Amino acid sequence: MKFVFLGPPGAGKGTLAVRMTELLNAPHVSTGNIFREAIAAANPLGLKVKAIIDAGKLVDDGTTIQLVRERLTQSDVKDSYILDGFPRTIAQAEALAGFSNIDRVINFDAPDDVVIERLSGRLVCRKCGFNWHKTFNPPEKSGVCDKCGGEIYTREDDKAEAVKKRLDVYREQTAPLIEYYRKKDLMIDIDARPDVDSIVENLKKLLRL
Ligand code: AMP
């Protein structure tokens with residue numbers, strides 16, 4: 001099955017996608033991860049998008065759509081995938097409908113105070129990408145990933161100014177997708193406030209896994 005994970009920044013889409021990829025037998029495709037890898041590699045895409053992402057704005061539709069269109073031609077995602085962080089605009093959703101048929105959209109719903117608390121404490125491993133949290137899930141040794149020994153850092157776009165911008169962008173450009181997909185009868189709503197394990201259990205029930 002082909003899934004889209006929708007929701008505000010900080011709702012836990014990425015963490016849940018990592019957890020659900022095996023259960024759903026669907027590869028995780030995250031546009032944010034692809035952009036961050038490009039930035040780390042300092043390749044032309046990375047150089048183009050770094051300032052935009054650091055400021056909490058959206059990369060232009062043309063660049064993003066092309067990237068996903070290409071990724072979805074690969075054989076591992078022929079029958080199933082979890083798209084995390086795409087689409088983020090109506091134009092992206094319309095383009096996606098032209099090159100892939102999605103089966104379900106999971107809408108991860110969480111209020112501003114919850115997502116701000118999560119994002120402002122988030123720590124990310126530079127090597128394996130695992131998400132830690134200063135308060136809720138700190139690594140044993142400060143600055144070092146327990147899973148792989150990689151260096152842990154705060155994403156530039158998790159700093160207060162950028163978080164505010166990302167939430168504004170979400171409300172203006174991404175939230176309209178909720179109605180867009182609801183009308184197409186593809187939507188499953190899930191409360192993204194509980195801890196990850198509880199959300200996984202709820203998802204399993206909703207998807208009859
Ligand atoms: P994420 O890891 O999904 O929060 O994405 C991090 C950042 O990458 C976003 O704040 C945007 O700047 C950029 N980005 C990721 N996905 C998209 C998208 N579908 N359209 C435009 N920009 C995106």
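Counting starts at 1 for both ligands and their atoms, in listed order. These numbers were taken from a predicted model, which means no experiment stands behind them.
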Considering only distance and modelled atom types, tabulate donor-acceptor pairs under 3.5 Å from the side chains of residues 35-44, sequence neighbours left out.
from: R36; atom 1: NH2; to: N33; atom 2: OD1; distance (Å): 2.9
from: N43; atom 1: OD1; to: L45; atom 2: N; distance (Å): 3.2
from: N43; atom 1: OD1; to: G46; atom 2: N; distance (Å): 2.9

Would you list the atom pairs, donor with acceptor, under 3.5 Å between side chains in residues 101-108 and any protein atom, with sequence neighbours excluded?
from: D103; atom 1: OD2; to: K2; atom 2: N; distance (Å): 2.7
from: N107; atom 1: ND2; to: D189; atom 2: OD1; distance (Å): 2.9

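For K48, the side chain to side chain donor-acceptor pair (under 3.5 Å) partners are T63, not counting sequence neighbours.
By the 4.5 Å heavy-atom criterion applied to side chains, M1 and D79 are not counted as neighbours. Put simply, the side chain of S80 does not reach to within 4.5 Å of the side chain of N25, judged on heavy atoms.
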Mind running salt bridge (Lys or Arg N to Asp or Glu O under 4.0 Å) on D158 and R118 for me, showing each step along the way? CA-CA 9 Å; D158 282 345; R118 285 185 186 162; over 6 Å; no

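Closer than 4.0 angstrom to ligand 1 sit non-hydrogen atoms from T31, G32, F35, R36, I53, K57, L58, V59, T64, G85, F86, R88, Q92, R155, D157, R166.
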